[in-house]
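See below for the structure under consideration.
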Amino acid sequence: MSHTTFTFDDLKRILLEGSGVPEGADLDADIHDTQFADIGYDSLALLETVGRVEREYGIDLESVLGDATTPRAFVDVVRAQLPVQAA
Amino acid sequence: MNASAVVTGLGVTAPNGLGVRDYWNATLAGKSGIGPLTHFDAASYPARLAGEINGFTAEEHLPSRLMPQTDRVTRLSLVAADWALADARVRPAELPAFDLGVITASSAGGFEFSQRELKNLWSRGGQYVSAYQSFAWFYAVNTGQISIRNGMRGPSGVVVTDQAGGLDAVAQARRQIRKGTSLMLAGGVDALLCSWGWVGLHAGGRLSTADEPTHAYLPFDDRADGHVPGEGGALLTLEAADAARARGARVYGEIAGYAATFDGRETGLRRAVELALADAKTPPGDVDVVFADAAAEADLDGVEAYTLVTVFGPHGVPVTAPKTMTGRLYAGAAALDLSTAFLALEDGLIPPTVHVEPADRHGLDLVVSQPRAARLRTALILARGHDGFNSAMVVRS
């Protein structure tokens, strides 16, 4: 895969595709530091999201995801796995 | 404790009607939901007719969070549950969570979902399989999703007894009410009309290969030659009679008697009927109408007709099979028949069996073509599952 960036909007898109919007949740609000569980995404939703990101970006997240329980932490972990962009 | 269990709400998803009103109006009008399969191309299969639910858009009823994780059968179940609760004017969120339970019947789980994910597995690899496959396929998934969506955390479970399941689930709910749970959702919905499910149904045999909907599912008729599969079913709200009365609920009627037997050296259907009548303390003469299992196979129709003639006498009780308008719904069938029975009791109308010319040799008073007006207080519902399950339930208004 040739992706070299991963943004909060990418995460949001993949969450929507794979797991929909939790009832009562507002993904357009500032949820960067909200726990996934508090947004309404359970462990299975995260598993589904990880699988989709891995497929789309050709990376392995399982061993590095650790405590990424918020969108900001998740995006940071994914970015660290992406190939460094050529200057 | 031996609280009487009453039904206070109905939620119906049927091939000939979505929602109780639509379904009941269609059923009284003799409107059939059986037609050529459209969910997938069935041209190359021996059986090509089905009772499909068309015009059901899950997104109109359920939040998007549930879409990626649910099979069609679960979506239909969730909507039927919502309707059964609304019909009973119950808001689960306002009640103690552990005092509300869910028992459903299922014969197959989420087949269409599984077909898609297995296809992903074998064509693209394991990383393309949805994480939700872990539960979306599962027999108990409808109970689980209904429980989660409505915060119903009391006694819950699933029964898998093929077509007998709709009654067995309601009987299990009655047990929980007798043990002290105040409200239960119970019943069954099945939806197997994808190509993988269709192959499975063929392997079970007994499918009609007719191409003309009016000639395809003809129980108790000399032309009987198998059944048409359908999708859908019903969920019912059950409550302890005292509690229902105390809150001023509209009561459709009581689950008065039930029995389940299994075929051994001889068929167990008659024993199921007699035990259910005994459980209801109802003599055969008090039964006003029978909703038949109606297998539409010569031997099975013979057993059912013989049972009814033995218990009630020749032409001794009106018998009907409105499932001739929906096809056989497997775990959904008897739950729908049960709902239909309550609607019949309420209106004093026996819905018809359509397209059937009853064979004289069966000795049944089959209600055909038109609804029949009658004073109805007690109904008997029969259901049989593949390979020997028999269940019978007596309900009273």
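Keep in mind that the numbers below use all heavy atoms, side chains included, and drop hydrogens, waters and symmetry copies. Please read all numbers here as calculations on a predicted model, not as lab measurements. In what follows, chains are A, B, ... by sequence order, proteins preceding strands, each numbered from 1.
Of all the heavy atoms in A/Glu17 and B/Pro68, the pair that sits closest is O-CG, 4.3 Å. Smallest separation of non-hydrogen atoms from B/Ala131 and A/Leu47: CB-CD2, 4.0 Å. The shortest non-hydrogen separation linking A/Val21 to B/Arg65 is O-CB, 3.0 Å.
Residue A/Ala25 does not touch chain B at all, counting heavy-atom pairs closer than 4.5 Å. When heavy atoms are compared at a cutoff of 4.5 Å, B/Gln127 approaches chain A by way of both its backbone and its side chain. In this structure, chain A has a heavy atom under 4.5 Å from the side chain of B/Arg149, while its backbone stays farther away.
Between chain A and the options B/Gly125, B/Ser134, B/Pro63, the largest number of non-hydrogen pairs under 4.5 Å is found for B/Pro63.
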*asked:* Using the rule given for side chain to side chain contact (heavy atoms under 4.5 Å, CB included), can you reason through A/Ser19 versus B/Gln69, listing the C-alpha separation, both sets of side-chain angles and the distance that settles it, and then say yes or no?
replied: CA-CA 7 Å; A/Ser19 301; B/Gln69 57 177 281; over 6 Å; no

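Other residues, nucleotides and ligands place no more than 12 heavy atoms under 6.0 Å from the CZ atom of B/Arg89. For B/Arg116, the CZ atom sits in a packed shell: over 12 heavy atoms of surrounding residues, nucleotides or ligands are nearer than 6.0 Å.
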